[in-house]
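Written below as structure tokens is the structure these notes are about.
In what follows, chains carry the letters A, B, and so on, assigned in the order in which the sequence lines appear, proteins first and then strands, with residues in each chain numbered from 1.
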Amino acid sequence: MTETGLETFFEAFLKKDSVFFDKKVIQSNYTPETILHREEQTKQIANILAPALKHEKPSNAFIYGKTGTGKTLTVRHTTKKLMDVAEKEEVPLKIIYLNCKLKRGVDTEYRLIAQLARELGKSIPPTGLPTEEVYRSFFKALNKQKQNYIIVLDEIDQLINKTGDNALYNLTRTTTEDTESQITIIGISNDVTFIDCLDPRVRSSLSEEEIVFPPYNALQIQSMLRQRAEMAFKKGVLEQGVIEKCAAYAARDHGDARRALELLRVAGEVADRKNSKKVMISHIDEAEEKIDRDRITDVVATQPKQYQLVLYSIFSLQPNRNTPLFTGEVYEVYKSLCHKTDTSVLTQRRVSDILSEFDMLGIINAKTISNGRYGRTRNISLDIPETTFLKIKNILEENLKV
DNA sequence: GTCAATTCACATGAAAGAGACCACGGTCTAGTG
DNA sequence: CTAGACCGTGGTCTCTTTCATGTGAATTGACGA
């Protein structure tokens with residue numbers, strides 16, 4: 001594209017009509033004023049937390065439900081309203097919200113406490129201090145002001161999976177020791193079964209109250225989409241049935257509202273790119289494919305080199321095969337690939353772990369099976385759509401220079 | 001033909017090492033008055 | 001005299017390796033009918 005070509009492109013882009021009226025309404029971080037279909041849960045949470053306004057300690061609570069059922073949204077909404085009132089009435093109260101999602105920095109006991117302490121205005125180095133020390137300065141910060149603390153731990157299951165329940169145990173226990181300040185813990189989890197693998201002491205104190213967020217059904221998702229779409233899109237750009245189809249797609253896999261919204265937004269973007277004045281039903285199909293593709297390519301591109309090598313080994317083996325691959329085979333290819341790219345070779349033990357991580361990410365399918373006399377291994381096959389295959393392969397080849 | 005033992009090719013766990021980070025405190029050095 | 005540079009220490013975290021143990025069914029081989 002020549003320089004002037006670029007300019008005209010940008011100018012054309014500016015003038016181009018968009019189906020969106022206010023796009024941010026439909027983006028994932030937007031918090032709507034009213035939350036639909038969650039009146040019951042909002043009330044429960046409010047009931048649990050309300051004592052904080054009277055300087056009493058609210059019960060700890062455990063909230064669970066599948067992804068995209070509005071847990072985080074509802075909790076944030078309710079706590080915010082609570083905070084508003086607390087400020088107006090000048091009740092000392094502090095709400096700390098923490099997302100424990102992996103790769104976000106809060107995935108060890110040390111980091112959890114350090115992060116909490118940081119929320120209280122302490123500066124804690126990212127590493128280097130004994131964990132004990134961090135606890136101490138955290139409690140010191142707690143006791144400095146006498147007030148109620150509500151700690152919301154989002155995706156708490158991730159934290160426990162990685163670090164065990166040590167941190168939680170310490171946190172729940174302090175509530176009884178500390179007379180100065182009171183801590184309430186709200187745990188949010190996608191995984192219902194996770195509570196079972198907690199230490200019984202932690203479990204009983206954490207789940208003093210339990211709230212379940214059931215999945216939305218298709219009708220509820222529809223009304224939610226309508227509410228947002230009304231603000232996000234221009235009038236009349238949505239073809240008949242678009243919202244219904246988005247809702248149906250999302251309801252198909254466990255009523256994930258977030259997914260429904262994303263689908264609708266991407267469908268809008270697809271329509272824009274095609275210079276379509278309307279969002280058609282066919283755009284939704286494209287949007288769904290695009291979301292899938294983006295997710296996978298994103299994950300692949302950000303993997304470390306060794307991981308990419310392992311994955312590339314699978315990629316280079318797969319096409320000429322109808323039967324699944326097994327671990328030893330992949331490892332052999334991986335080894336030769338390492339020599340070719342001048343990379344250090346990891347042990348089979350490690351590669352085995354890498355494979356199971358890919359399995360968890362949903363990039364490959366790995367089922368352990370036993371071939372009787374001929375050993376036990378994983379049956380490995382790629383779990384990505386045809387259309388994405390080449391694209392990912394190119395990314396890998398480029399990154400690895402093979 | 002039946003049944004227990006064997007065997008394969010890894011899976012899965014636990015523990016420990018290497019190396020990168022980082023804060024903290026002490027020591028050294030150069031610049032300033 | 002003091003600020004800043006520079007170590008050494010002691011801690012965490014992540015990625016790996018090493019060593020050990022577990023697994024599930026095809027195969028094998030002994031045994032009895």
To the nearest angstrom, how far is [X] atom [atom1] from [N] atom [atom2]?
| X | N | atom1 | atom2 | result |
| --- | --- | --- | --- | --- |
| A:Glu329 | B:dC8 | CD | P | 20 Å |
| A:Tyr135 | C:dT12 | OH | C1' | 14 Å |
| A:Tyr110 | C:dT14 | OH | P | 12 Å |
| A:Lys305 | C:dT16 | NZ | P | 12 Å |
| A:Arg350 | B:dA11 | CZ | C1' | 15 Å |
| A:Glu357 | C:dT14 | CD | P | 12 Å |
| A:Tyr307 | C:dT16 | OH | P | 6 Å |
| A:Leu346 | B:dA18 | CG | C1' | 14 Å |

**Study point:** Close aromatic pair by centroid cut-off 6.0 Å: A:Phe389 and A:Phe315
**Key:** yes
Within the 3.5 Å criterion, strictly below it, is a donor on [X] or [Y] matched to an acceptor on the partner's side chain?
| X | Y | result |
| --- | --- | --- |
| A:Gln227 | A:Thr34 | yes |
| A:Tyr249 | A:Asp256 | no |
| A:Arg259 | A:Thr67 | no |

Exercise for review: If the plane angle is over 60° it's perpendicular, under 30° parallel, otherwise tilted; pick one for A:Phe20 and A:Phe233.
Suggested key: parallel
So, is [X] close to the [N] phosphate, meaning a side-chain N or O under 4.0 Å from OP1 or OP2?
| X | N | result |
| --- | --- | --- |
| A:Arg111 | C:dT12 | no |
| A:Thr327 | B:dA9 | no |
| A:Thr347 | C:dT16 | no |

Review point. Reckon A:Val345 touches a base, only the sugar-phosphate, or nothing at all at heavy-atom distances under 4.0 Å?
Key: sugar-phosphate
Practice item. Go along nucleotides 20-28 of chain C 5' to 3' and tag each nucleotide: B for a protein heavy atom under 4.0 Å from its base, S when only backbone or sugar atoms are that close, - otherwise. Key: --BBBBBSS
**Study point:** Over all atoms of both residues, closest heavy-atom pair of A:Ile183 and A:Lys57
**Key:** O-CE, 3.3 Å
Exercise for review: Kindly give the heavy-atom pair with the smallest separation between A:Ile243 and A:Gln222, and that separation in Å.
Suggested key: CG2-O, 3.9 Å
